Amino acid sequence: MISRIDLRGDALPEGPALRDLLPRAEFDVQAALEKVRPICEDVHHRGDAALIEYAERFDGVGLDQVRVPAAALTRALEELDPAVRAALEESIRRARTVHREQRRATHTTQVVPGGSVTEKWVPVERVGLYAPGGRSVYPSSVVMNVVPAQEAGVESIALASPAQAEFNGLPHPTILAACALLGVDEVYAAGGATAVAMFAYGTESCPPANMVTGPGNIWVAAAKRYFTGRIGIDAEAGPTEIAVLADDTADPVHVASDLISQAEHDPLAAAVLVTDSAELADAVEKELAPQVAATRHVDDRIVPALSGKQSAIVLVDGIDEGLKVVDAYGAEHLEIQTADAAALADRVKNAGAIFIGPWAPVSLGDYAAGSNHVLPTGGCACHSSGLSVQSFLRGIHIVDYTQDALAEVAHHVVTLAEAEDLPAHGAAIKARFGWKVPESK
């Protein structure tokens with residue numbers, strides 16, 4: 001069901017050479033970009049009419065309007081299963097607890113007497129958030145996008161999720177209920193690239209946004225790439241992935257269940273075990289079959305994911321070598337199930353989120369740890385972070401210098417301007433001092 005990659009015996013290569021040995025899903029955003037380009041431009045030119053047409057073509061629903069009526073949000077919350085409501089409320093509470101602490105404060109640095117630089121943090125004015133609605137329904141993604149935006153102080157928040165034929169053209173009612181719980185009343189029945197285009201260009205019913213965030217399929221990723229520069233984006237999210245770094249102290253039942261938990265997302269989902277224990281590898285492989293047989297989504301998601309080229313059991317000589325492998329892989333979710341997991345986690349350089357020990361599975365982070373589950377995929381954890389309050393803030397420097405403070409450094413500014421052959425830069429300084437550069441004190 002799952003392949004093996006044996007890296008034992010020889011010294012591990014460095015950098016890209018090691019990354020090339022590791023499993024990864026094929027995810028060609030550039031090829032998808034050419035297909036979404038005409039769709040995005042159609043939304044640009046025809047607005048809501050294009051959105052309604054694509055909802056019928058892609059989702060099989062006929063819409064009268066794209067914006068979800070307020071009454072539908074209210075009704076979805078009223079009809080929500082009380083147990084699901086309680087779980088969502090706890091997820092929201094924990095996410096707020098964590099994200100509220102991320103807010104940066106304005107800070108002033110006194111560079112010299114009379115000269116200071118202040119960095120203030122200003123929220124994005126308007127964001128468009130995306131909640132997928134394909135193979136599964138993701139109210140948790142609503143929470144993970146909305147909470148950090150709200151805690152950052154974003155004033156205008158809109159959310160889009162695909163129209164569902166089963167629900168008369170509305171997004172899934174649990175998505176709508178989550179929006180109502182969070183106080184988000186601007187919701188649109190739009191999916192994939194059309195939703196991103198709606199937020200980027202604006203339509204008759206939806207004003208344009210400054211930024212779009214949220215997970216999605218390859219068409220969402222391609223649309224984000226298309227609009228990069230016009231709008232801010234969080235990331236071009238690819239298929240979800242889990243890497244488990246484990247030794248012989250790990251419980252194979254836990255490890256197998258965690259690999260399966262990510263495989264059930266999508267046939268391209270990646271499940272990778274890195275271990276120095278051949279015995280654990282054997283036990284996990286043996287454990288996969290009965291656990292897979294006992295769950296759902298077997299043939300359309302789990303088996304293709306586990307048997308695909310993106311998933312594998314990777315054998316290494318020791319845990320130090322395993323650490324090099326997971327750093328090269330840069331997993332979206334990294335579980336460490338070893339004898340000294342906390343100390344090892346402190347040494348990890350590249351991961352979207354790290355889960356320590358047997359009692360912190362990825363599923364906890366997906367819903368109720370308080371952390372954010374919108375994380376970098378495809379190895380992007382080596383340069384990018386997950387969604388947070390900071391994603392929705394912009395740092396602005398405020399420079400405040402007195403005449404004396406400028407005079408003290410003026411000759412350096414003029415010297416550097418002349419060194420760069422930008423004499424007008426220096427002249428802007430000289431003009432303030434009667435065209436004579438003050439001597440440094």
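From a predicted model like this one, the values you see are computed outputs, not experimental measurements. Below, all heavy atoms of this structure are taken into account, side chains as well, without hydrogens, waters or symmetry copies.
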**OP:** Tell me, with the steps shown, if Arg347 and Asp320 meet salt bridge (Lys or Arg N to Asp or Glu O under 4.0 Å).
**Re:** CA-CA 10 Å; Arg347 296 169 57 194; Asp320 284 343; 3.2 Å; yes
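- Between Tyr201 and Phe227, the ring planes are perpendicular. Angles over 60° get that label, and only those under 30° would be called parallel.
- Other residues, nucleotides and ligands contribute at most 12 non-hydrogen atoms within 6.0 Å of the OH atom of Tyr367.
- Taking the ring centre of Tyr329 as origin, the terminal cationic atom of Arg24 falls inside the region bounded by 6.0 Å and 45° from the ring axis.
- Considering all non-hydrogen atoms of both residues, Pro208 and Ala200 come closest at CB-O, 3.9 Å.
- Using modelled atom types, one side-chain atom of Arg301 and one backbone atom of Glu264 make a donor-acceptor pair closer than 3.5 Å.
- Of the charged side-chain nitrogens involved, none lies within less than 4.0 Å of a carboxylate oxygen, so that Arg104 and Glu119 do not count as a salt-bridged pair.
- Among all heavy-atom pairs drawn from Ala32 and Ile218, the shortest one is CB-CG1, 3.9 Å.
- Among residues two or more places apart in sequence or in another chain, the side-chain contact (heavy atoms from CB on, under 4.5 Å) test is passed with Asp276 by Asp247, Val316, Ile319.
- For CD of Glu56, the number of neighbouring non-hydrogen atoms (other residues, nucleotides, ligands) closer than 6.0 Å is 12 at most.
- Every side-chain contact (heavy atoms from CB on, under 4.5 Å) that Thr377 has, sequence neighbours left out, goes to Glu241, Glu332.
- A donor-acceptor distance shorter than 3.5 angstrom exists from the side chain of Asn210 to the backbone of Arg126, with no hydrogens or angles considered.
- For Arg93, the side chain to side chain donor-acceptor pair (under 3.5 Å) test picks out Glu90, with sequence neighbours left out.
- More than 12 heavy atoms of other residues, nucleotides or ligands lie within 6.0 Å of CD in Glu89, so this atom counts as buried by the packing criterion.
- Listed for the Thr74 side chain is a donor-acceptor partner under 3.5 Å among the backbone atoms of Ala70.
- Just one residue in the list Ser161, Pro215, Pro162, Ser141 forms a side chain to side chain contact (heavy atoms under 4.5 Å, CB included) with Tyr130, and that residue is Pro162.
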Quiz prompt | Audit row: Thr213, Leu129, side chain to side chain contact (heavy atoms under 4.5 Å, CB included) steps and yes/no | solution = CA-CA 5 Å; Thr213 73; Leu129 311 178; 3.1 Å; yes
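- Summarising the local packing, CD of Glu166 is surrounded by 12 or fewer heavy atoms from other residues, nucleotides or ligands at distances under 6.0 Å.
- Between Phe355 and His333, the ring planes are tilted. Angles from 30° to 60° get that label.
- No side-chain N or O of Asp234 forms a donor-acceptor pair with one of Ser391 less than 3.5 Å apart.
- At least one donor-acceptor pair under 3.5 Å links the side chain of Tyr188 to the backbone N or O of Ser205.
- Salt bridge status for Glu151 with Arg103: absent, with no side-chain N to carboxylate O gap under 4.0 Å.
- A donor-acceptor pair under 3.5 Å links the side-chain atoms of Ser311 to the main chain of Ala305, judged by distance alone.
- Side-chain atoms of Asp48 and Thr203 form a donor-acceptor pair, as typed in the model, at a separation below 3.5 Å.
- Remark: the Gln337 side chain and the Glu335 side chain contain an N/O donor-acceptor pair separated by less than 3.5 Å.
- No side-chain heavy atom of Cys206 sits less than 4.5 Å from a side-chain heavy atom of Val66.
- In terms of modelled atom types and a separation under 3.5 Å, the side chain of Arg8 and the main chain of Leu315 share no donor-acceptor contact.
- Of the charged side-chain nitrogens involved, none lies within less than 4.0 Å of a carboxylate oxygen, so that Lys324 and Glu321 do not count as a salt-bridged pair.
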